[in-house]
Amino acid sequence: MQVYFWGTRGSLPASITAATVREKIMKVLRQFNGRQFNDDEEMAHAVDRELPFTVRGTYGNNTPCVEIRGGDEYVLCDAGTGLRDFGNYHMRLIEHGKRRNGAVFNILISHFHWDHIQGFPFFTPAYIPGNKIRIYGYHSCLEEAMIHQQNGPYFPVPLKNLRADIEFISLTEGARL
């Protein structure tokens, strides 16, 4: 089993700043200090293998969405803005023939604070027929809350217009999935 953090930031999504990008570039230049590369592949290999994640990557920009990999179905914890990036990743897998349409997405919602659900309206697989989305939560208003955020004036596409098969599953304490 593997865990991928598509979003971990608190209440507000935030993009990387120009100052942070500048500092990262300076760190890379210092690390490689005039080093010559034969081609882009060699350069990419050096970036991936020799630079720490804090220099070659970034984290904390999206609000909560954690993927747990290890089976045929996707398991996602929360639907913050990281869900959009996860959905785009899934679509690229289909585009490159590494995955077929018709995936099953199990999304566990911890609570309905905006930062934990605001990515769902931008989750591309929800708009594609053949996909199945199961949304789990311990809330009596699970379906109503998700419908509400999709309705105007908050979002222009109502939940009922999404093309995936979407199911809401209210859990009770001690329930096993």
Side-chain angles (χ1 to χ4, degrees), residues 1-18 20-21 24 53-54 56-96 98-171 175 177:
M1 183 181 317
Q2 296 174 313
V3 176
Y4 288 79
F5 295 90
W6 292 97
T8 59
R9 191 166 185 85
S11 298
L12 295 173
S15 60
I16 191 169
T17 65
T20 302
V21 171
K24 287 176 174 284
F53 177 79
T54 56
R56 68 176 152 73
T58 187
Y59 52 90
N61 295 341
N62 281 313
T63 59
C65 181
V66 177
E67 175 193 4
I68 302 169
R69 289 185 190 172
D72 294 334
E73 299 181 0
Y74 289 110
V75 176
L76 300 150
C77 301
D78 284 316
T81 59
L83 185 63
R84 177 182 174 271
D85 287 349
F86 164 77
N88 292 341
Y89 163 78
H90 171 76
M91 298 308 296
R92 282 191 304 277
L93 291 177
I94 291 173
E95 183 180 312
H96 296 298
K98 296 180 180 176
R99 198 85 194 213
R100 292 184 304 133
N101 192 42
V104 177
F105 303 89
N106 296 285
I107 303 174
L108 293 89
I109 303 293
S110 64
H111 60 284
F112 289 117
H113 289 173
W114 184 239
D115 56 316
H116 290 258
I117 62 171
Q118 72 189 106
F120 190 77
F122 305 97
F123 183 48
T124 302
Y127 294 83
I128 299 173
N131 287 327
K132 181 168 185 65
I133 300 171
R134 296 185 196 115
I135 300 176
Y136 298 85
Y138 284 96
H139 314 87
S140 60
C141 63
L142 178 65
E143 185 170 358
E144 292 79 20
M146 297 301 284
I147 289 171
H148 186 70
Q149 86 152 344
Q150 290 280 149
N151 284 341
Y154 308 110
F155 199 73
V157 182
L159 191 75
K160 66 182 180 187
N161 290 359
L162 302 183
R163 305 283 310 276
D165 177 20
I166 300 174
E167 178 183 4
F168 294 91
I169 302 165
S170 284
L171 302 171
L177 303 177

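For the pair Leu142 and Gly137, the tightest heavy-atom approach, listed with the atom from each and the gap, is CD2-N, 3.7 Å. Minimum heavy-atom separation, Pro64 to Gly10: CD-O, 4.3 Å. The two residues Ile133 and Ile107 have their closest heavy-atom pair at CG2-CD1, 3.9 Å.
Looking at Thr63, its side chain does come within 3.5 Å of a backbone N or O of Thr81 through a donor-acceptor pair. Not one N or O on the side chain of Lys160 forms a donor-acceptor pair closer than 3.5 Å with the backbone of Ile147. Under the 3.5 Å distance criterion, the side-chain polar atoms of Gln149 are matched with a main-chain donor or acceptor of Ile117. Judged by distance alone, with hydrogens and angles left aside, the side-chain atoms of Lys132 form no donor-acceptor pair with the main-chain N or O of Glu167 at under 3.5 Å.
By the 4.5 Å heavy-atom criterion applied to side chains, Cys65 and Asp78 are not counted as neighbours. You'll find the side chain of Ser170 stays beyond 4.5 Å of the side chain of Glu143, heavy atoms only. With contacts defined as side-chain heavy-atom distances shorter than 4.5 Å, the pair Leu76/Val66 does not qualify. Taking 4.5 Å as the limit, every side-chain heavy atom of Pro121 sits out of range of all side-chain heavy atoms of Val157. Counting heavy atoms from C-beta on, the side chains of Ile16 and Lys24 come closer than 4.5 Å.
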Thr8 and Asn62: CA distance, side-chain angles, deciding distance, side-chain contact (heavy atoms from CB on, under 4.5 Å) verdict: CA-CA 6 Å; Thr8 59; Asn62 281 313; over 6 Å; no
Full working for side-chain contact (heavy atoms from CB on, under 4.5 Å) between Trp6 and Asn61: CA-CA 9 Å; Trp6 292 97; Asn61 295 341; over 6 Å; no
Full working for ring-ring contact (aromatic ring centres under 6.0 Å, His included) between Tyr127 and Phe122: CA-CA 9 Å; Tyr127 294 83; Phe122 305 97; 8.8 Å; no
Stepwise side-chain contact (heavy atoms from CB on, under 4.5 Å) test for Asn106 and Arg134: CA-CA 5 Å; Asn106 296 285; Arg134 296 185 196 115; 3.0 Å; yes
From CA spacing to verdict: side-chain contact (heavy atoms from CB on, under 4.5 Å), Phe123, Phe105: CA-CA 11 Å; Phe123 183 48; Phe105 303 89; 3.6 Å; yes
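Using modelled atom types, one finds no donor on one side chain facing an acceptor on the other under 3.5 Å when comparing Asn131 with Asp165.
Partners of His113 by side chain to side chain contact (heavy atoms under 4.5 Å, CB included), not counting sequence neighbours, listed by chain and number: His111, Asp115, His116.
The cationic group of Arg99 lies under 6.0 Å from the six-membered ring centre of Tyr74 and within 45° of the ring axis, placing it in a cation-pi geometry. For the pair Arg69 and Tyr4, the cation-pi criterion (under 6.0 Å, within 45° of the ring axis) is fulfilled.
In the displayed structure, Tyr138 atom OH is contacted under 6.0 Å by more than 12 heavy atoms of other residues, nucleotides or ligands.
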